[in-house]
Asks: 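Quick one: this structure, given as structure tokens, is what I'll be asking you about.
The first residue in the sequence is number 1, and the count goes up from there.
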Amino acid sequence: MFHIGGDEFIDFRQIENYPYLLEKARQKYGSEARGLEYYYEYINQLARHLSQKGKRVRIWNDGFLRKDKQSLIPLTKEVEVCYWTNWEKGMADVKEWLSAGYSLINFCDNDLYYVLGEQAGYSYPTAKKLENEGNIQKFSGQQWLNKNEMKSVRGTYFSIWADEPNAKSVSEILDELTKILPIFTKTYGEK
């Protein structure tokens, strides 16, 4: 498995502010190109190369299959989509990814992100919160999949992000995780 990311390097809502991408895309795909094409081509080439080397390739969802900015070329199906958020209205809903034929992995940021320092509006998940609100069929933004739709979901991850690495000691983090992870495993361990 090889995660190539593919998000948070530009503001996808304002791709026209990145003239290099726009220029390269229009040189190759014509005046209707929006800039995403050059980016998609790069991701597709990278995914193809890694797949040929025997790697499963993963990307984050937020920069692709957008509602507000369409690409003239499709994103390869050789990628597994790590669906972590839909905080911005231009991002595709989880069901749009399924309808387009992609395999998903649930990284539900609302419930399954442990962000040190509680940056970007996140609060620490707790065992109680996961017991009360955790559900394997729930994705970011209160999006829900039915059991049949879940067949296209390869798994669920609990993520720890070190936005402020000194916000807690290693002992504090491990202590909290010993309470949270058993509930995570119980709730998300099987489809």
Side-chain angles (χ1 to χ4, degrees), residues 1-113 115 119-122 137-145 149-157 159 161-163:
M1 190 274 298
F2 199 102
H3 201 306
I4 59 175
D7 72 336
E8 297 188 354
F9 74 100
I10 61 171
D11 184 344
F12 292 98
R13 296 169 294 183
Q14 299 176 357
I15 196 154
E16 60 277 356
N17 291 340
Y18 304 92
Y20 182 80
L21 288 175
L22 191 57
E23 177 187 335
K24 288 296 190 178
R26 288 188 173 159
Q27 283 175 1
K28 185 161 186 179
Y29 297 102
S31 62
E32 296 298 313
R34 294 173 179 86
L36 290 172
E37 295 80 7
Y38 198 64
Y39 167 60
Y40 274 42
E41 182 179 320
Y42 169 72
I43 294 295
N44 288 346
Q45 288 175 359
L46 190 54
R48 186 171 34 260
H49 174 76
L50 291 167
S51 293
Q52 290 170 350
K53 301 289 183 191
K55 303 290 183 194
R56 284 195 338 255
V57 180
R58 293 182 177 168
I59 59 166
W60 296 114
N61 69 287
D62 48 317
F64 301 96
L65 201 67
R66 295 184 58 86
K67 297 175 189 178
D68 56 351
K69 306 283 181 180
Q70 311 296 306
S71 173
L72 298 177
I73 65 168
L75 177 66
T76 180
K77 299 283 192 323
E78 291 182 78
V79 296
E80 296 176 338
V81 178
C82 298
Y83 197 97
W84 73 278
T85 191
N86 73 335
W87 68 267
E88 191 261 312
K89 67 181 180 180
M91 295 174 185
D93 295 330
V94 69
K95 291 189 181 203
E96 291 175 73
W97 283 100
L98 290 180
S99 294
Y102 290 91
S103 294
L104 299 177
I105 301 168
N106 189 356
F107 276 78
C108 181
D109 66 330
N110 305 122
D111 297 337
L112 305 175
Y113 267 30
V115 180
Q119 295 298 304
Y122 291 108
Q137 294 172 261
K138 184 169 111 179
F139 282 72
S140 179
Q142 295 293 322
Q143 298 179 83
W144 293 81
L145 297 182
E149 292 166 328
M150 286 298 293
K151 292 176 184 173
S152 293
V153 178
R154 298 186 53 88
T156 304
Y157 276 66
S159 301
W161 297 98
D163 288 24

Asks: Side chains of Asp62 and Thr85 only: does a donor on one sit below 3.5 Å from an acceptor on the other?
Replies: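 Checked: Asp62/Thr85 side chains show no N/O donor-acceptor pair below 3.5 Å.
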
Asks: If you measure from CG on Leu98 to CG on Leu104, what distance do you get to the nearest 0.5 Å?
Replies: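 Taking CG in Leu98 and CG in Leu104, the distance rounds to 4.5 Å.
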
Asks: For Glu37, which residues count as a salt bridge (Lys or Arg N to Asp or Glu O under 4.0 Å) partner, sequence neighbours excluded?
Replies: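 Residues passing salt bridge (Lys or Arg N to Asp or Glu O under 4.0 Å) with Glu37: none at all.
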
Asks: When you measure from the side chain of Arg26 to the backbone N and O of Ala33, does any donor-acceptor pair fall under 3.5 Å?
Replies: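 Yes; at least one donor-acceptor contact below 3.5 Å.
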
Asks: What's the separation between atom OH in Tyr83 and atom CD in Glu96, rounded to the nearest 0.5 Å?
Replies: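 Atom-to-atom, Tyr83:OH and Glu96:CD are 8.0 Å apart.
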
Asks: What class does the angle between the rings of Trp161 and Trp60 fall in, given that below 30° is parallel, 30 to 60° is tilted and above 60° is perpendicular?
Replies: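 Correct class here is tilted.
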
Asks: Could you tell me whether a side-chain N or O of Asn61 sits under 3.5 Å from a main-chain N or O of Asn86, the two making a donor and an acceptor?
Replies: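 No, Asn61 side chain to Asn86 backbone: no donor-acceptor pair under 3.5 Å.
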
Asks: Angle between ring planes, Phe64 versus Trp97, binned at 30° and 60°: parallel, tilted or perpendicular?
Replies: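 Geometry flag for Trp97 against Phe64: perpendicular rings.
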
Asks: Got a second to check how far Arg66's CZ is from Leu36's CG, nearest 0.5 Å?
Replies: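 Those atoms lie 8.0 Å apart.
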
Asks: Where the side chain of Lys89 meets the backbone of Lys67, is there a donor-acceptor pair that is under 3.5 Å apart?
Replies: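 No, the answer is negative, given that no donor and acceptor are paired below the 3.5 Å cut-off.
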
Asks: Answer yes or no: is there a donor N or O on one side and an acceptor on the other, between the side chain of Gln143 and the main chain of Ser140, under 3.5 Å?
Replies: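 Yes, Gln143 side chain to Ser140 backbone: donor-acceptor pair under 3.5 Å.
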
Asks: Once the angle between the rings of Phe9 and Tyr39 is folded into 0 to 90°, is it parallel (under 30°), tilted (30 to 60°) or perpendicular (over 60°)?
Replies: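 Rings of Phe9 and Tyr39: tilted, as their planes differ by 30° to 60°.
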
Asks: For Gln137, does its backbone N or O pair with a side-chain atom of Asn106 as donor and acceptor, under 3.5 Å?
Replies: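 The answer is no, because no donor-acceptor pair under 3.5 Å joins these two groups.
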
Asks: Does a side-chain N-to-carboxylate-O contact under 4.0 Å join Lys24 and Glu41?
Replies: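 Salt bridge absent between Lys24 and Glu41.
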
Asks: Donor-acceptor check, side chain of Tyr18 to backbone of Asp11, threshold 3.5 angstrom: yes or no?
Replies: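 Yes: the side chain of Tyr18 pairs with the backbone of Asp11.
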
